[in-house]
J.: 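Quick one: the structure is below, questions incoming.
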Amino acid sequence: MSASDVLIEPTSHGVNILKSAAPILVGIALAVGIQFLLPSTVGPYYSRLVIDAGIAMILAVSLNIVNGMTGQFSIGHAGFMTIGAYTAGSITFYSSLLIWGTAAKHGSFLGSGEWMFVIACLCGGITASIAGFVVGLPSLRLRGDYLAIVTLGFGEILRVLLQQTGKVVDNAEIVRNAPLTTFATVPVGGAIGFDGIPKYTTLFWVYAFLAITVIFAYRLKRSSFGRAMLSVREDEIAAQAMGINTSRQKLLAFITAAFFAGVGGGLLAHESGVIISPKDAGFQRSFDYVIMTVLGGRGSITGVMLAAILLSGLPEVLRDFERYRIIIYAALLIFMMLSRPQGLFGIHEIWDFFPRSWKTLPWKKSPREEAQ
Amino acid sequence: MNQVLEHRSAGAAQQTLLEVKDLGISFGGLKAVQNFNLTLPSAGLYGLIGPNGAGKTTVFNLLTGIYQPQTGSLSLNGKNLLGCKPHEVTAAGIARTFQNIRLFPNLSILDNVRLAGQIRIRPKLVSTFLRTNGYREQEAALKAQAMDLLEIFDLQDRAEDLAQNLSYGHQRRLEIIRALATKPSVLLLDEPAAGLNPQEKLALAQSIRQIRDRFEVAILLIEHDMQLVMDICERIVVLDHGVTICEGTPQTVQNDEKVIAAYLGAIADDA
Ligand SMILES: Nc1ncnc2c1ncn2[C@@H]1O[C@H](COP(=O)(O)OP(=O)(O)O)[C@@H](O)[C@H]1O
Ligand SMILES: [Mg+2]
């Protein structure tokens, strides 16, 4: 009997909706748990490291969509992040001034200020994804090194442009009465950075956004979109011959990756102790994320997450050697390329390494059974 | 049932499916293909032969939009395909295999086939993220179709293995399955028997015929194994240095002096 002769298993719609929603709900519940349990157990210093690791994971997992899954080589990811950071930061900063007369934090957990911040982060993501579209366009014609140079150039151009911006206007009265020409200078702080953004970023929001990013990336990878992206990575000519519009897939990869990078940027901009500045758009930060994706493995979401945790913790361990960080990274990368060129997990996810008996949970079926 | 099918393919055989006129391309000074003509009826099984470097693969690349022809015209079912991108050509109904196997090595066998099957669906990003019921149904249908195909070719038990872990012969088979998954009306096979042993070749000859009948596709076959081509092809086009030197039934081609000369020449060149 052939597989499609049998009707597809009539699981109830309700069960499916639950299956689809559960990971998202679990992720958000975990974020709540982290928010309320972590600071009291490990203290503010380590909480901050956990926030940094969370943001790094958002950036690395999103870059992995372009570099790992689609096989393009972008080294301008920090540029998208910075666009998100400045967009989100300006929205909360200037809206707060206009609405509440001060740019200070407003409201408590899930209060009005936090919702403004969430919307600002999403706007940051949207602006970044528009930039992703524009930067992705040349990727349709360029490959390999040439694409790398274009994306690198994008980050550097952005850095220089941000240095030319005007001073932050931090007085509510002036902002209210300012002529539009004041805003033509783009008052986001110029070379010294954008100071005064309200510090809304908490463990909860970082990990809630991380959960969404990871679930999105995973579901993308396992879908028709993901297969199409992977096929571009594997063999572009064959992908085209199988009917894949490879240009579309590459653009889509750039747009979605940039979106989450922009959201991550929004989180970074509102993290306490952080002042975003033009140099965040530069190649050093982009390079950090590229290393995470290379270290983690091509397209491996869990591998890249692990690499992001390790590498965002590394500077803390190497505190006294800050000046040599780039050298240590480079050495690490060379070592990695020689000893394990496919990255920590290669093309696999972490659970591919578990024994088989762990994986075949009672409610999971083999693909054969599932299709019947 | 069988009679109906036979009747249908006999009736369909009159109908021109792929129409190629004066197709040509040169690379620099090299005229790789000149004035290539072909009229492939639906469910036809034609061969394309010629010595190494004759331009056979280039013809496939021209037909599938990988190279843009510099001269000539190309249509499928009366629809012009000139200027179409490779994925548009595939969507229009021409699928191919590659002389040097081009599977997706790090994807599973199931995914290799499923990917080709998704050509006719338009997934949405939001429903992919939310895994809506519509999305689940679409994906389940894709998977079932792919498993069906794998079952026909007896690869269903290896569905989860990576394509790169298949034996050479199985990889060649998977390339054909993957091409069929796009539901083509014309199938272009580029040296599918290369590297196979005599038994495998025999089995392949059988299955090429069966594929034609079962999937109702027209097949254009590039092959070096003369025996195989002469056995299964209805008509044969012979290329040499990009020029069509002969076209006709296997008997005609076998006895054509130019063809014999071209092949003897090729052997003399090699020696
Ligand atoms: N992209 C290309 N650029 C330059 N020359 C090419 C290209 N593709 C094919 N050729 C040349 O065209 C001729 C025909 O090649 P091909 O079609 O691969 O021959 P075959 O009949 O063995 O498949 C060869 O001389 C080859 O070198
Ligand atoms: Mg060839």
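Lettering follows sequence order; numbering is per chain, from 1.
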J.: Atom CZ of residue position B:R120 - does it have more than 12 heavy atoms of other residues, nucleotides or ligands inside 6.0 Å?
T.: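 Yes, CZ of B:R120 has more than 12 neighbouring heavy atoms, counting only those of other groups under 6.0 Å.
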J.: By a 4.5 Å heavy-atom criterion (distance strictly below it), what part of A:I24 contacts chain B: side chain, backbone, both, or neither?
T.: side chain
J.: What distance do A:N16 atom CG and B:R131 atom CZ have between them, rounded to the nearest 0.5 Å?
T.: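 It is 10.5 Å, given to the nearest 0.5 Å.
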J.: Is the shortest heavy-atom distance from the side chain of A:D235 to the side chain of B:L103 under 4.5 Å?
T.: no
J.: Where do B:R102 and A:I237 come nearest, in terms of heavy atoms and distance?
T.: NH1-CB, 3.3 Å
J.: Just wondering, more than 12 heavy atoms not from B:R214 lying within 6.0 Å of its CZ?
T.: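 Open: at most 12 neighbouring heavy atoms sit under 6.0 Å from CZ of B:R214.
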J.: Measure A:A21 against the heavy atoms of chain B and call it side chain, backbone, both or neither at under 4.5 Å.
T.: neither
J.: Let me know if A:R222 has heavy atoms under 4.5 Å from chain B in its side chain, its backbone, both or neither.
T.: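 The answer is both parts of A:R222.
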J.: Do A:R219 side-chain atoms and B:T128 backbone N/O form a donor-acceptor pair below 3.5 Å?
T.: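 It does not hold such a pair.
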J.: Which atoms of B:L107 are under 4.5 Å from chain A, going by heavy atoms: the side chain, the backbone, both sets, or neither?
T.: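 Contact with chain A: backbone and side chain both.
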J.: Report which part of B:I121 has an atom under 4.5 Å of a heavy atom belonging to chain A: side chain, backbone, both, or neither.
T.: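 The side chain, not the backbone.
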J.: So do the side chains of B:L125 and A:F225 get within less than 4.5 Å of each other, counting heavy atoms only?
T.: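 Yes - at least one pair of side-chain heavy atoms lies under 4.5 Å apart.
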J.: For B:F129, is it the side chain, the backbone, both or neither that has a heavy atom under 4.5 Å from a heavy atom of chain A?
T.: both
J.: Can you tell me if B:E139 and A:S223 form a side-chain donor-acceptor pair at under 3.5 Å?
T.: no
J.: Is the shortest heavy-atom distance from the side chain of A:M242 to the side chain of B:I119 under 4.5 Å?
T.: no
J.: Among A:G299, A:G243, A:G346, single out the residue with the greatest number of heavy-atom pairs under 4.5 Å to chain B.
T.: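 Most pairs with chain B among the choices: A:G243.
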J.: In Å, rounded to the nearest 0.5 Å, how long is the span from OG of A:S20 to CG of B:N133?
T.: 6.5 Å
J.: Is chain A contacted by the side chain of B:A91, its backbone, both, or neither, given a heavy-atom distance below 4.5 Å?
T.: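 Neither the backbone nor the side chain of B:A91 comes within 4.5 Å of chain A.
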J.: Enter the distance from A:S231:OG to B:R178:CZ here, rounded to the nearest 0.5 Å.
T.: 9.0 Å
J.: For B:L142, is it the side chain, the backbone, both, or neither that has a heavy atom closer than 4.5 Å to a heavy atom of chain A?
T.: side chain
J.: Contact part of A:S247 toward chain B, heavy-atom cut-off under 4.5 Å: side chain, backbone, both or neither?
T.: neither
J.: When only pairs under 4.5 Å are counted, which of B:R96, B:K124, B:E88 shares the most heavy-atom pairs with chain A?
T.: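 Ranked by heavy-atom pairs under 4.5 Å with chain A, first place is B:K124.
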J.: Given side chains that start at C-beta, do those of B:K85 and A:Q240 come closer than 4.5 Å, heavy atoms only?
T.: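 No, too far: nothing below the 4.5 Å cut-off.
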J.: Could you walk me through whether B:L162 and A:I347 pass the side-chain contact (heavy atoms from CB on, under 4.5 Å) test, one step at a time?
T.: CA-CA 11 Å; B:L162 297 187; A:I347 56 162; 4.0 Å; yes
J.: For A:F133, does the CZ atom have more than 12 heavy-atom neighbours from other residues, nucleotides or ligands under 6.0 Å away?
T.: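 Atom CZ in A:F133 is not crowded, with 12 or fewer foreign heavy atoms closer than 6.0 Å.
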J.: Which region of B:N106, side chain (C-beta onward) or backbone (N, CA, C, O), has a non-hydrogen atom less than 4.5 Å from a non-hydrogen atom of chain A, or is it both or neither?
T.: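 The answer is both parts of B:N106.
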J.: Out of A:S224, A:A238, A:P23, A:G226, which one racks up the most heavy-atom pairs below 4.5 Å with chain B?
T.: A:S224
J.: Among B:P105, B:A95, B:A181, which residue has the highest count of heavy-atom pairs closer than 4.5 Å to chain A?
T.: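 Of the candidates given, the most pairs with chain A belong to B:P105.
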J.: Against chain A, work out which of B:L115, B:T182, B:I152 has the most heavy-atom pairs shorter than 4.5 Å and name it.
T.: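 The candidate making the most pairs under 4.5 Å is B:L115.
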J.: Heavy-atom cut-off 4.5 Å, strictly under: side chain, backbone, both or neither for B:R136 against chain A?
T.: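 Side chain of B:R136 only, per the 4.5 Å heavy-atom cut-off to chain A.
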J.: Could you measure the distance from the CZ atom of A:R227 to the CZ atom of B:R114? Nearest 0.5 Å is fine.
T.: 4.0 Å
